[in-house]
2 protein chains.
Amino acid sequence: MALRHAVLAALLGNELSGYQLARLFDVNISNYWHALPQQLYTELTKLESAGFVVGREVVQRGRPNKRVYTLTEAGTAEMSAFIAGPSKPSAIRDDLLVKMQAAEAGDTERLIEQLEDRAAEAKGKIEQFERRLSRARGELDEDTFLIQSPWVGPYLVGLRGKAFEQEALDWCNRSADVLRARLQDTATASTSPTWKDR
Amino acid sequence: MALRHAVLAALLGNELSGYQLARLFDVNISNYWHALPQQLYTELTKLESAGFVVGREVVQRGRPNKRVYTLTEAGTAEMSAFIAGPSKPSAIRDDLLVKMQAAEAGDTERLIEQLEDRAAEAKGKIEQFERRLSRARGELDEDTFLIQSPWVGPYLVGLRGKAFEQEALDWCNRSADVLRARLQDTATASTSPTWKDR
DNA sequence: CAGACCATGTAAAACGTTACATGATTCG
DNA sequence: CGAATCATGTAACGTTTTACATGGTCTG
């Protein structure tokens with residue numbers, strides 16, 4: 001009763017196959033809901049037998065055929081009920097933060113490496129978000145777009161995704177700087193033992 | 001193999017009971033790892049039989065006795081190995097963002113309410129973080145603290161928690177404003193049907 | 001012709017949530 | 001005297017992850 005609504009939300013206004021949905025979850029939706037392709041295929045099957053979506057076969061040449069899904073009225077109603085209902089507190093899990101919490105127990109240089117990798121990833125995602133948001137706005141500036149566009153939900157969600165990644169980037173940079181400065185200090189202290197020994 | 005490391009990280013340097021751990025996870029750690037008390041009790045039992053922590057009984061008067069846990073060397077080694085190993089991509093799940101993505105399908109006023117509730121919650125958390133960070137720093141300013149303090153991990157994690165909540169607050173306010181402005185527009189449009197009908 | 005992309009699933013194992021269960025003390 | 005806090009668990013159920021499984025086309 002959980003992934004269900006994330007899938008329905010993605011399908012609202014888009015006719016998508018399991019594969020397309022999986023890519024969406026990977027690049028876009030993963031910023032607020034994470035799911036693996038296998039889950040999506042089984043979830044779509046369940047949603048179809050529950051009557052919330054309908055699938056139709058699309059025959060392709062040069063590629064495997066695919067089955068694309070659309071929301072039914074029951075699906076839209078389900079989404080509407082979900083929106084009106086209570087929200088569960090948002091859950092996060094981030095290995096990097098667990099590692100940072102326990103930083104003293106591990107190899108600092110290795111942790112800095114991981115912060116740098118994550119910073120690079122965040123940079124890439126920010127650029128992706130910027131491109132997607134800019135494409136959505138078209139010619140309009142953001143405020144005008146947000147008042148005039150008929151669909152504003154996905155754009156606002158995109159803004160949050162971008163801000164989240166920006167925050168991750170800043171934090172990784174700051175933290176890596178701090179850890180590097182502390183390594184410097186330790187190194188200086190231990191390479192000048194003459195001073196300490198006196 | 002997942003909650004395990006979040007618990008070990010919390011126990012690093014602190015001797016805690018299941019109950020104390022549960023409160024920590026509720027107020028502090030939930031910003032990067034979410035877990036319910038039941039999970040923590042069972043996890044502590046598992047960690048003890050795995051040899052990563054040791055518990056000892058503390059007899060109290062006026063309160064139920066409790067069992068407090070400390071990391072063993074094997075536990076610290078496990079943590080060190082975890083830090084050196086690969087990190088899983090961070091997972092988020094947030095009902096509010098799912099609802100925003102599907103905003104067109106639901107009651108906008110109800111969604112605005114939920115954004116406001118969440119904003120208020122975020123405000124409270126930010127203040128909590130500020131108090132805790134300031135207590136940790138003591139007299140020192142942040143930069144000095146981050147170079148001099150022997151333990152810097154939990155502080156950096158706290159900075160991230162605070163930034164995350166700040167970002168949530170800003171986004172909720174911005175989004176609620178946008179949705180309200182759009183409601184205004186629709187109301188204006190539908191209360192002047194004469195103009196539309198001509 | 002190897003590797004990436006398109007396309008879809010099943011099964012078992014691990015993990016997380018909800019419900020159930022209990023009981024003493026302190027505060028208003 | 002009711003509610004909150006302290007304190008710890010078990011069992012059933014639902015969800016997610018990992019591993020297994022397959023096969024065609026397109027690009028360099």
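By convention in this document, chain letters (A, B, ...) are assigned in the order of the sequence lines, proteins followed by strands, and residues within each chain are numbered from 1.
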A.B. asks: Under 3.5 Å, is there a donor-acceptor pair between the side chain of A:T72 and the main chain of A:G51?
C.D. replies: yes
A.B. asks: Under a 4.0 Å threshold between the charged nitrogen and the carboxylate oxygen, would B:K162 count as salt-bridged to B:E167?
C.D. replies: no
A.B. asks: Mind calculating the distance between CG (B:N65) and P (C:dG23) to the nearest angstrom?
C.D. replies: 16 Å
A.B. asks: Relative to the 5' end of DNA chain D, which residue comes earlier, A:G62 or A:E43, by the nucleotide with the nearest heavy atom?
C.D. replies: A:E43
A.B. asks: Rounded to whole Å, how long is the line connecting atom CG of A:L16 with atom P of C:dT8?
C.D. replies: 11 Å
A.B. asks: Which of these nucleotides, C:dC6, D:dT8, C:dG16, is closest to any side-chain atom of B:L3?
C.D. replies: C:dG16
A.B. asks: Say whether B:Q184 and B:R180, considering side chains only, have a donor N or O and an acceptor N or O under 3.5 Å apart.
C.D. replies: no
A.B. asks: Using a 4.0 Å heavy-atom cut-off across all strands, classify B:R61 as base, sugar-phosphate, or nothing.
C.D. replies: nothing
A.B. asks: Taking the inter-plane angle between the rings of A:Y155 and A:F145 on a 0 to 90° scale, is it parallel (under 30°), tilted (30 to 60°) or perpendicular (over 60°)?
C.D. replies: tilted
A.B. asks: Rounded to the Å, how far apart are A:R63 CZ and C:dC5 C1'?
C.D. replies: 8 Å
A.B. asks: Kindly point out which of C:dA7, D:dT8, C:dG23 is positioned nearest to the side chain of B:P64?
C.D. replies: C:dG23
A.B. asks: Among D:dA7, C:dC5, D:dT16, find the nucleotide with the atom closest to the side chain of A:Y19.
C.D. replies: C:dC5
A.B. asks: Can you see if the side chain of B:R23 gets near the phosphate of D:dA7 - specifically, an N or O under 4.0 Å from OP1 or OP2?
C.D. replies: no
A.B. asks: For DNA chain D, whose closest nucleotide is more 5', that of B:A91 or that of B:T42?
C.D. replies: B:T42
A.B. asks: Between D:dT8, D:dT16, D:dT18, which nucleotide has the shortest distance from any of its atoms to the side chain of B:K88?
C.D. replies: D:dT18
A.B. asks: Atom CG of B:L40 to atom P of C:dT17: distance rounded to whole Å?
C.D. replies: 11 Å
A.B. asks: Using whole Å, report how far CD of A:E48 lies from C1' of C:dG9.
C.D. replies: 15 Å
A.B. asks: Report the nucleotide, chosen from C:dT8, D:dT16, D:dA7, that has the shortest atom-to-atom distance to any side-chain atom of A:Y41.
C.D. replies: C:dT8
A.B. asks: Should the pair A:R160 and B:F164 be classed as cation-pi, given the thresholds of under 6.0 Å to the six-membered ring centre and 45° from the axis?
C.D. replies: yes
A.B. asks: Considering only side-chain heavy atoms of A:H34, which listed nucleotide, D:dT17, D:dT10, C:dA7, is closest?
C.D. replies: D:dT17
A.B. asks: With respect to the side chain of B:Q38, which nucleotide from C:dG23, C:dC5, C:dT18 is positioned closest?
C.D. replies: C:dT18
A.B. asks: Can you measure A:L36 atom CG to D:dT16 atom C1' for me and round it to whole angstrom units?
C.D. replies: 8 Å
A.B. asks: Is A:R93 close enough to C:dG16 that one of its side-chain N or O atoms is under 4.0 Å from OP1 or OP2 there?
C.D. replies: yes
A.B. asks: State whether a side-chain donor-acceptor pair under 3.5 Å links B:N31 with B:E165.
C.D. replies: yes
A.B. asks: Find the distance B:F25:CZ to D:dT8:P and express it as a whole number of Å.
C.D. replies: 15 Å
A.B. asks: Could you check how far CZ of B:R67 sits from C1' of D:dA7, rounded to whole Å?
C.D. replies: 14 Å
A.B. asks: Phosphate oxygens OP1/OP2 of D:dT17: is one of them under 4.0 Å from a side-chain N or O of A:Q39?
C.D. replies: yes
